[in-house]
Asker: 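Mind looking over this structure? Questions follow.
Values reported hereafter were calculated over all heavy atoms of this structure, with side chains retained and with hydrogens, waters and symmetry mates removed.
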Amino acid sequence: MHRIRLRGPWTKTLCGSLETRRTSVPDSVVNAGELDGSAQPSTSEDVVVYERRFNRPSGLETKTLVLLSIEKWIGKAMEISVNGHQLLIARPPFEADITKYLELHNSLRVHLTGPPAALPCLDGEVALLIRDAND
């Protein structure tokens with residue numbers, strides 16, 4: 001198995017805010033809370049969207065699987081998608097086969113929600129795991 005860590009650069013947007021910031025993942029709760037210093041605390045749940053672009057790993061063979069792995073996050077995952085294809089969401093640690101969704105250039109989006117007191121945060125490692133389908 002080969003691991004490609006998707007550390008950065010990521011963009012992070014607090015829904016309802018016009019501000020987008022660059023960040024690395026794992027992200028920290030402190031950095032997530034600093035996303036929009038001008039924002040007033042909301043009374044409903046906050047949604048944070050993380051986005052990362054990446055190229056298709058080179059040298060993939062027909063019997064190779066590419067899995068998306070997300071170690072952990074704070075909040076609830078509302079959507080995880082690759083190139084607009086929504087993945088089934090489970091609790092972290094999260095792992096999904098994304099082989100059939102890969103293109104030459106790819107976009108990964110993670111939508112997290114949570115109460116304002118605990119702003120959602122992608123605080124675990126995100127990686128592509130490349131495995132031989134026979135393993």
Side-chain angles (χ1 to χ4, degrees):
M1 178 178 67
H2 180 67
R3 176 183 298 267
I4 300 172
R5 291 179 180 89
L6 301 178
R7 291 186 177 154
W10 286 76
T11 59
K12 175 174 55 179
T13 306
L14 177 62
C15 289
S17 170
L18 299 176
E19 184 177 4
T20 297
R21 293 228 178 135
R22 291 181 75 162
T23 191
S24 294
V25 169
D27 196 9
S28 69
V29 176
V30 173
N31 288 339
E34 294 172 354
L35 183 58
D36 187 353
S38 64
Q40 298 298 319
S42 68
T43 55
S44 62
E45 290 193 331
D46 285 327
V47 177
V48 174
V49 178
Y50 287 86
E51 186 169 2
R52 170 75 157 72
R53 299 194 183 280
F54 63 95
N55 292 327
R56 179 183 177 88
S58 61
L60 296 180
E61 298 177 13
T62 56
K63 294 182 180 180
T64 302
L65 293 177
V66 179
L67 305 173
L68 171 66
S69 169
I70 304 176
E71 184 180 83
K72 63 181 186 160
W73 56 76
I74 294 173
K76 179 181 176 188
M78 297 299 292
E79 177 184 327
I80 300 173
S81 63
V82 174
N83 299 326
H85 299 278
Q86 227 174 350
L87 305 174
L88 294 176
I89 301 171
R91 295 181 190 204
F94 172 83
E95 198 171 277
D97 182 356
I98 62 169
T99 310
K100 64 184 175 187
Y101 304 129
L102 289 178
E103 299 172 3
L104 188 57
H105 304 288
N106 301 280
S107 176
L108 169 60
R109 292 175 58 96
V110 179
H111 295 237
L112 302 173
T113 186
L119 192 62
C121 179
L122 194 51
D123 67 338
E125 182 178 275
V126 178
L128 300 178
L129 306 177
I130 302 172
R131 291 187 182 151
D132 185 340
N134 297 326
D135 287 346

Asker: Quick one, Leu129 and Glu95 - any side-chain contact, counting heavy atoms below 4.5 Å?
Answerer: yes
Asker: Atom CE in Met1, atom CZ in Arg131: separation rounded to 0.5 Å?
Answerer: 5.5 Å
Asker: For residues Leu108 and Val126, determine if any side-chain heavy atom of one lies less than 4.5 Å from a side-chain heavy atom of the other.
Answerer: yes
Asker: Are the side chains of Arg52 and Val25 in contact, using a 4.5 Å heavy-atom criterion?
Answerer: no
Asker: Counting C-beta onward and ignoring hydrogens, is there a side-chain heavy-atom pair between Val48 and Lys12 closer than 4.5 Å?
Answerer: yes
Asker: Would a 4.5 Å heavy-atom cut-off, applied to side chains only, mark Cys15 and Val49 as touching?
Answerer: yes
Asker: What's the shortest heavy-atom distance between Val66 and Ile130, and which atoms?
Answerer: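 Looks like CG2-CG1, 4.4 Å.
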Asker: Taking the side chain as C-beta and beyond, is there a heavy-atom pair between Leu122 and Trp10 under 4.5 Å?
Answerer: yes
Asker: In terms of hydrophobic clustering (I, L, V, M, F, W, Y; side-chain heavy atoms under 4.5 Å; direct or indirect links), are Val47 and Phe94 co-clustered?
Answerer: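 No.
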Asker: Can Glu125 and Arg5 be counted as an ion pair, charged N to O under 4.0 angstrom?
Answerer: yes
Asker: Is there a side-chain contact between Phe54 and Ile4, using heavy atoms and a 4.5 Å cut-off?
Answerer: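 Counting from C-beta outward, Phe54 and Ile4 never come under 4.5 Å.
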Asker: Could you give the distance from CG (Leu112) to CD1 (Ile70), rounded to the nearest 0.5 Å?
Answerer: 8.0 Å
Asker: Can you list the residues that meet the salt bridge (charged side-chain N to carboxylate O under 4.0 Å, His left out) rule with Glu71, with sequence neighbours excluded?
Answerer: none
Asker: According to a 4.5 Å side-chain heavy-atom criterion applied to Ile, Leu, Val, Met, Phe, Trp and Tyr, with indirect links allowed, do Leu14 and Met78 form part of one hydrophobic cluster?
Answerer: no
Asker: Using the ring-ring contact (aromatic ring centres under 6.0 Å, His included) criterion, which residues pair with His105? Sequence neighbours excluded.
Answerer: none
Asker: Is there a side-chain contact between Asp123 and Asp27 in this structure, where contact means two heavy atoms from C-beta onward sitting under 4.5 Å apart?
Answerer: no
Asker: Residues two or more places apart in sequence or in another chain: which of them pass ring-ring contact (aromatic ring centres under 6.0 Å, His included) with Tyr101?
Answerer: His85
